[in-house]
Amino acid sequence: MRALAVAAHGLVFSYPDGHRALDGFDLEVSAGERVALLGPNGAGKTTFALHLNGIHVAEAGTVAIGDLRVAEPDLAEVRRRVGLVFQHADDQLFMPSVREDVAFGPANLGLRGGELDGRVERALVAVGAADVADRAPHHLSGGEKRRVALATVLAMEPDVLVLDEPTSGLDPAGRRELVEVLRSLAQTQIVITHDLPFALELCERAVIVDHGRVVAEGATAAVLGDAELLRAHRLELPYGFDPAVASRGR
Amino acid sequence: MGAGHAHALYQHGHSTVHRMGPEAKLAAGFASVVAIATTPREAVWAFALHAAVLAAVVTAAELPPRFVLRRLAIVLPFVAFAFTIPFVAGGEEVTVLGVGLSRDGLWGTWNVLAKAVLGASVSIVVAGTTEEARIFKGLERLRVPVAITLIATFMLRYLTLIADELRRTRVAMRARGYAPRWLWEARPVASAAGAVFVRSYERGERVHAAMLARGFTGTMPELDTRTATRADWLRGATVAGVVAATALAAAVTT
Ligand SMILES: Nc1ncnc2c1ncn2[C@@H]1O[C@H](COP(=O)(O)OP(=O)(O)O)[C@@H](O)[C@H]1O
Ligand SMILES: [Mg+2]
């Protein structure tokens, strides 16, 4: 068994309006593993992601990233270790140029000069976006924005990547480019998605989240092959898609 | 669309004014507004000079005059009350189109109007040529306390988001055949505005969360973005100096 990259136990969280979004959420992810988080809208997936770097703080339960508890005094280091790519790239990109946006995180870590430039360059190359470095983020295409958003967190050299619905709004080519980029990365990855073929292509393991907790988990092909389970949690494969056939080619 | 970069008041460009270091631009803008505000109202020639200087800066900034005028429309509701002053103020009366108006009140209207329009125009030029992150950086370099800088930046951000959401809501309402022409038909707009505010607030929270997630602690990292050069300070000082000298001359001669 490899070391645990993420360990969440018994998380309970309610929003200020009293709605309980997490209700005994447990998840363990090994270092280097890629896990898909599936589940209907409102299941609590995004809320869980925001617990991984301490933006939300659970009423009960614990989260650890590697050997660090997600809590003060280690919050700054936790936020470096966990790279969170938000669902809407527009929420994530706020600097005047792509280069400055990618530099924002590592600069907050205190990097300057050549070291900072190197980080920015490597992150942009890793996502295939080096050519847009000097453009304004809001002028990019949806696919470019998504990859730049990924670069902004890669520049912090995180151990764990958390991606919230990374394929939403992407055209097929943008989606394929994203799969290739994510497959080329060594980080532990937690991928929240409604795109079941994408989950199958990328992640060896899938967990289903509903009503604020993990309700099922297993090899992605097996989870997607369980029609009963999918139906029970409002998940649907695209018309004509057979996970058994699709995963045979891997 | 973009949450941070293209704030509602920003107009993309590469003019001299755009490229100026933000701290020099903000300082010059602030000094000019103070000078305009303290210009005696009777010195009409001084306001004409202020307007000429401003027009020159707008030209240098390559901002379309329509851009400035449309944004000026925002201040109109706030100066509307100025038009009531001549009717309610006392003192000597003059007759305009058969209506007796207070002379002092007319000067009052002129005073509010001229200063509001000129002052707002200065802000529009500064905001129109400076991205959010640079405004933040400029305020910080001017040693404005972090709390005030943060509040100013977030106000700008929420303003942007609200403008953005309002536009989308208006499109959505139009798409469903809503075309208000009279004030009493605007009730749906008011209730939609509530929803827009909540949505904008939540989106602002998400942007803030994204910043925290990347280690933001309240100060923008000092990236080698444009710091004000000697030439920038000189340009700023020239503009602000002319405006201040005009205001001073006006104060001495009236
Ligand atoms: N800011 C918020 N305030 C109140 N309730 C929220 C907020 N954000 C999410 N929720 C609620 O919490 C539940 C879980 O939301 P979320 O984690 O976004 O689900 P998912 O990402 O799985 O679609 C939903 O019922 C949602 O309506
Ligand atoms: Mg979500």
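Just so it is clear: chains get the letters A, B, ... in the order the sequence lines come, proteins before strands, and each one is counted from 1.
- At a 4.5 Å heavy-atom cutoff, the contact between A/His88 and chain B is made by side-chain atoms alone.
- Scanning both residues, B/Ala213 and A/Phe86, for their nearest heavy atoms gives CB-CE1, 4.1 Å.
- In this structure, A/His211 places its NE2 atom where only 12 or fewer heavy-atom neighbours from other residues, nucleotides or ligands lie under 6.0 Å away.
- Note that the CZ atom of B/Arg206 and the CG atom of A/Asp90 stand 10.0 Å from one another [nearest 0.5 Å].
- A distance of 11.0 Å separates CG of A/Leu84 from CG of B/Leu212, quoted to the nearest 0.5 Å.
- With chain B as partner, the option from A/Val85, A/Thr152, A/Leu109 having the largest number of non-hydrogen pairs under 4.5 angstrom is A/Thr152.
- With salt bridges taken as basic N to acidic carboxylate O contacts below 4.0 Å, one links B/Arg134 and A/Glu100.
- From A/Asp91, atom CG reaches atom CD of B/Glu205 across 11.5 Å, with rounding to the nearest 0.5 Å.
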I would like to know whether B/Arg214 and A/Gln92 meet side-chain contact (heavy atoms from CB on, under 4.5 Å); could you show each step before the answer?
CA-CA 10 Å; B/Arg214 286 198 273 153; A/Gln92 184 137 11; 4.2 Å; yes
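- More than 12 heavy atoms of other shown residues, nucleotides or ligands fall within 6.0 angstrom of atom CD in A/Glu77.
- Here B/Phe216 contributes atom CZ and A/Arg79 contributes atom CZ; the two are 12.0 Å apart, rounded to the nearest 0.5 Å.
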